[in-house]
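Taking it in order: structure first as structure tokens, then the write-up.
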Amino acid sequence: MKIAIIGVGSVGSAVATAVKNTGLAHEIVLFDRDGIRARAAAEDLGHASAFSYDIKITAVSTYRPIKNSDVVIVAAGANQKPGETRMDLLHKNAEVISDIIPRVMANVDNKNVKIIIVTNPLDVMVMLAQKLSKLPANRVIGTGTMLDSARLKIILSRQLGVSTRSISSYVLGEHGDSSVVNWSSVYVGGIALDDFCKQAKISLPQTTRNTIEHRVKNAAYEIIQGRGATWDGIGAAVADLLYAIVHDEKRILTTSIVDGVGKNAVAMSLPRIIGVNGVSMNLRPKMNSAESNALRKSAKIIRKNFDLL
Ligand code: NAD
């Protein structure tokens, strides 16, 4: 399995480390427009690989060596500065995606390659990458709300005293400020959340749910405030998505792909079945009317921003 990572800053490096640690790839190729940074990352990761799996890690200065990559991960572009929203990066990062995708497509096998988009604003960048690559929508996959769903799961796990592995919970819509916590589809050990709370004698009133939503939506802002950027969580999310693809797991992950046609097409996160061909099915989880309305609003925000490009 050959993986190319485009953009080797904080996120690209964390992605490379997480992917290396899965042992899935025999080769990782790193490209960054800052060649010195890419070479340094390849050196450092190469040394780290002596403690895990044999893997060839190289920095490249042109796109030609990404040939035969099975998956190309795009983590290039500006990140949020404290106080900035993801959508504030729209025009800057649209330029980056417009630079990268045609060069990628000129060098990979368009019948096989899958592209994973990490760059923000995630959903709009997925739409742009899919349009520029002309690949089928199921093979241009954004990590979407995988990270937001993980954050929700962790908070719920602590609140309910149950392992994250026994909780099924999704954040839907934009990977951004209009994301939607899908309370109606939270299950704990196969039991609907409200029933679980009754059995466990746990109170989860609306005020607590509002606080949880706030924490999920603001997690990135808080990490950026304290650490300058976020990288470990997204590195793990990309490695997990890659694992589901490579092992043809048919696992359900909240990823973002373009769905719909013409003016109605939009990329946003829904639970989707992931396997070796990318997304094989889009699912619509149970939603109450407030959640459905919020999801529609989120889709409109993404589409409106795509139309600004
Ligand atoms: P960073 O500044 O540390 O690194 C960005 C890298 O991209 C730099 O090394 C830069 O040289 C490179 N780059 C810029 N333009 C390029 C181009 N045209 N071609 C090749 N390389 C180019 O930023 P970061 O913290 O690594 O963040 C990268 C992106 O990931 C940002 O857009 C950020 O918002 C996003 N991000 C997404 C998630 C998510 O959940 N999807 C999470 C965290 C960060």
Side-chain angles (χ1 to χ4, degrees), residues 1 3-25 28 45 70-77 79-80 86 89 93 114-126 129 138-157 164-165 167-176 179-182 215-224 227 229-247 249-257 267-275 278-279 283:
M1 167 75 35
I3 309 291
I5 301 177
I6 314 297
V8 202
S10 308
V11 171
S13 302
V15 165
T17 300
V19 168
K20 174 184 74 58
N21 290 343
T22 63
L24 287 174
I28 300 179
L45 277 158
D70 300 284
V71 180
V72 177
I73 299 164
V74 181
N79 58 12
Q80 292 165 264
R86 295 174 180 89
L89 307 171
N93 283 347
K114 264 86 52 191
I115 297 181
I116 294 179
I117 300 291
V118 181
T119 304
N120 280 317
L122 190 281
D123 305 280
V124 185
M125 295 303 111
V126 169
N138 62 305
R139 286 198 275 128
V140 183
I141 308 166
T143 45
T145 54
M146 281 181 70
L147 193 49
D148 315 70
S149 295
R151 287 168 178 155
L152 173 63
K153 199 181 274 194
I154 283 168
I155 296 171
L156 285 174
S157 163
T164 53
R165 287 189 287 167
I167 298 174
S168 170
S169 58
Y170 298 131
V171 177
L172 311 175
E174 183 197 0
H175 171 59
S179 65
V180 181
V181 173
N182 184 203
R215 285 177 61 199
V216 170
K217 289 191 186 191
N218 281 280
Y221 290 109
E222 279 170 25
I223 296 167
I224 289 166
R227 216 184 180 195
T230 75
W231 57 84
D232 285 323
I234 186 62
V238 174
D240 195 39
L241 174 56
L242 195 64
Y243 194 95
I245 293 172
V246 173
H247 286 281
E249 284 193 303
K250 306 285 182 337
R251 196 139 48 91
I252 296 172
L253 299 171
T254 49
T255 49
S256 180
I257 65 165
M268 65 173 178
S269 285
L270 285 174
R272 304 183 196 273
I273 302 179
I274 307 282
V279 172
L283 304 171

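Source: prediction; values computed, not measured. Only this structure's heavy atoms are used, side chains among them; waters, hydrogens and symmetry mates stay out.
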I need the [X] [atom1] to [Y] [atom2] distance, nearest 0.5 Å.
X      : Y      : atom1 : atom2 : result
Thr145 : Asn182 : OG1   : CG    : 10.0 Å
Ile141 : Leu241 : CD1   : CG    : 5.5 Å
Gln80  : Leu89  : CD    : CG    : 6.0 Å
Arg86  : Leu122 : CZ    : CG    : 8.5 Å
Asn79  : Thr119 : CG    : OG1   : 10.5 Å
Glu222 : Arg215 : CD    : CZ    : 8.5 Å

Report task. State which residue, out of Val171, Leu147, Thr164, fulfils the side-chain contact (heavy atoms from CB on, under 4.5 Å) condition with Leu152. Result ->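 Result: among Val171, Leu147, Thr164, Val171 is the only option passing the side-chain contact (heavy atoms from CB on, under 4.5 Å) with Leu152.
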**Report entry** Identified side-chain contact (heavy atoms from CB on, under 4.5 Å) counterpart of Ile73 within the set Val118, Ile6, Ile117
**Finding:**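 Only one of Val118, Ile6, Ile117 forms a side-chain contact (heavy atoms from CB on, under 4.5 Å) with Ile73, namely Val118.
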Query raised in the report: Only one of Ser269, Ser169, Ser179, Ser149 forms a side-chain hydrogen bond (donor to acceptor under 3.5 Å, both in side chains) with Thr254, so which one is it?
Result: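 Among Ser269, Ser169, Ser179, Ser149, the one that satisfies the side-chain hydrogen bond (donor to acceptor under 3.5 Å, both in side chains) with Thr254 is Ser149.
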If we only count heavy atoms from C-beta on, is the [X] to [Y] side-chain gap below 4.5 Å?
X      : Y      : result
Leu172 : Met268 : no
Thr255 : Met146 : yes
Ile245 : Asp70  : no
Thr143 : Ile116 : yes

Non-hydrogen atoms of [X] and [Y] that approach each other most closely:
X      : Y      : answer
Ala18  : Gly235 : CB-O, 3.3 Å
Val126 : Ile257 : CG1-CA, 4.1 Å
Val140 : Ala129 : CG1-CB, 4.0 Å
Gly7   : Ala75  : O-CB, 3.9 Å

Query - Intermediate values then yes/no, side-chain contact (heavy atoms from CB on, under 4.5 Å), Ile28 and Leu45 - result: CA-CA 10 Å; Ile28 300 179; Leu45 277 158; over 6 Å; no
Requested in this report: Applying side-chain hydrogen bond (donor to acceptor under 3.5 Å, both in side chains), name anything that partners Tyr243, two or more places apart in sequence or on another chain.
Outcome: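 In terms of side-chain hydrogen bond (donor to acceptor under 3.5 Å, both in side chains), with neighbours along the sequence ignored, Tyr243 is linked to no residue.
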Query raised in the report: Is it the case that more than 12 heavy atoms not belonging to Arg227 sit under 6.0 Å from its CZ atom?
Result: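 More than 12 heavy atoms, drawn from other residues, nucleotides or ligands, come within 6.0 Å of this atom.
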Atom pairs and distances, donor-acceptor, side-chain atoms in residues 9-17, under 3.5 Å, two or more places apart:
unit_1 : atom_1 : unit_2 : atom_2 : d
Ser13  : OG     : Val8   : O      : 3.4
Ser13  : OG     : Gly9   : O      : 2.8
Thr17  : OG1    : Ser13  : O      : 3.0

Query raised in the report: So, does Asn138 use its side chain to make a donor-acceptor pair with the main chain of Gly278 at under 3.5 Å?
Result: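 Between the backbone of Gly278 and the side chain of Asn138 there is no qualifying donor-acceptor contact (under 3.5 Å).
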Query raised in the report: Using a distance-only test with no angle check, is there a side-chain donor-acceptor pair under 3.5 angstrom linking Asp148 and His175?
Result: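 Side chains of Asp148 and His175: pair found under 3.5 Å.
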Requested in this report: Show your working on side-chain contact (heavy atoms from CB on, under 4.5 Å) between Leu24 and Val19 and close with a plain yes or no.
Outcome: CA-CA 7 Å; Leu24 287 174; Val19 168; 5.6 Å; no
Requested in this report: Using the test salt bridge (Lys or Arg N to Asp or Glu O under 4.0 Å), find all partners of Asp240 that sit at least two apart in sequence or belong to another chain.
Outcome: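 Asp240: salt bridge (Lys or Arg N to Asp or Glu O under 4.0 Å) contacts with Arg251.
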